[in-house]
Amino acid sequence: MMKRCRTCQQPAAIILPASGGKFCAEHFLDFFRNKVKRTNLKYKLINPHERIGVALSGGKDSAVLMHVLDDLYVETLDLIGIHVNLGIHTTSYSARSHQLSKALCDKLGREFICIDLKKEFQMSMDLVKERENQIARSLCGTCGTIKRYLLNRYALALDCEKLATGHVLDDEVSVLFMNMFSGKINQLIRMGPCLPTMSEHMISRIKPLYELSESETTSYAQLVGLETQDEECPYAKGATTLKYKKLFSEFEKRTPGVRYGFIHNYINRILPALTAYYHRPEDLALKTCEECHGPTTESLCAFCTLRTVLTKED
Ligand code: Q46
Ligand code: ZN
Ligand code: ZN
């Protein structure tokens, strides 16, 4: 029997795996936009007339984030795309990511800024790969540190009130599980759709796609015709989060809705209990990095520590 859109009864183009909801293209886009709006209202992520930095990687999720925020808040939000060129030149990955991020902002008429890791800091992910054995972290863990640091620093310098990232349900679930698995209480306390600022050197971070899945962002990107990165990052292989993502997508196939339930229960039940039990202001008190004056828990921040390793002569 032909599947029909639940709103207009036209033939369905999209069937949501978790809820079984069926939509034609037009009503799927309505569903998607409404979900972003509801997430923003529920978690108070965005206020009218804010200037918001949108972290753009060139990939699908961040492009969808920029597109949907532009569409929903065309008159009321000042959006600026911020892209970090990670210096991955063993393939065309970084060049293409940069080009796609810029093209999207140009098309939407939004401001765009690129932070070039190599030109501005004499660092690159290719160099991290070369010196992998001197850095006691995974490639993706190191890359995450670099991106968090630079996005925070530049979004503040660009007078943004908030930084929006394209994390989706699949990312949140895998990171949440990974942090639980390795007992990282400090990271667990700081999870959720918004991470308020804790110092004047730290921007508030928000995740407007928090309750949408990767398959939903894929459908959105296809329906609105977004061109996004199709090349895989050469350093992604073996990343732990990818393993957990795969595990949970298998789980989701057998038990539709399990990922949303996991996140929902964590945010509403476990996180408040964990915060009440573990929250000690002295644990969250931040120092100032001796090198860059950014926020840190040690005398040097993680970025400056890494930079010392990467820029020292052999
Ligand atoms: S760019 Fe960086 Fe990703 Fe490449 S090294 Fe890993 S984290 S996979 S989004
Ligand atoms: Zn319809
Ligand atoms: Zn520093």
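Ligands are counted one by one from 1 in listed order, and the atoms in each one are counted from 1 as well.
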Query raised in the report: Quick one: which of Cys233, Pro234, Gly58 has a heavy atom closest to atom 4 (Fe) of ligand 1?
Result: Cys233
Query raised in the report: What is the nearest protein non-hydrogen atom to atom 6 (Fe) of ligand 1, stated with its residue, atom name and distance?
Result: Cys140 SG, 2.2 Å
Requested in this report: Consider only side-chain N and O atoms of His201 and Ser199, and report whether a donor and an acceptor are under 3.5 Å apart.
Outcome: no
Query raised in the report: Taking the six-membered ring for Trp, are Phe177 and Phe181 parallel (under 30°), tilted (30 to 60°) or perpendicular (over 60°)?
Result: parallel
Query raised in the report: So, His264 versus Tyr260, ring centres under 6.0 angstrom or not?
Result: yes
Requested in this report: Please could you name the atoms of ligand 1 that Ala236 approaches to less than 4.0 Å, counting only its heavy atoms?
Outcome: 8 (S)
Query raised in the report: Would you call the rings of His67 and Tyr220 parallel, tilted or perpendicular, where under 30° means parallel and over 60° means perpendicular?
Result: perpendicular
Report summary line: Taking the Zn ion (ligand 2) as the apex, Cys24 SG and Cys8 SG span an angle, rounded to 10°, of 110°
Report task. Please check if atom NZ in Lys35 has more than 12 non-hydrogen atoms from other residues, nucleotides or ligands closer than 6.0 Å. Result -> yes
Report summary line: Restricting His27 to its N/O/S atoms, the closest one to the Zn ion (ligand 2) is ND1
Requested in this report: Can you pull out the closest protein heavy atom to atom 2 (Fe) of ligand 1? Residue, atom name and distance to 0.1 Å, please.
Outcome: Cys143 SG, 2.3 Å
Query raised in the report: Gln229 and Ser57: side-chain donor and acceptor closer than 3.5 Å?
Result: no
Report summary line: Check: of Lys237, Lys147, Gln229, min heavy-atom distance to atom 9 (S) of ligand 1 comes from Lys147
Report task. Take the Zn ion (ligand 3) as the vertex and measure to SG of Cys289 and SG of Cys301; round to 10°. Result -> 120°
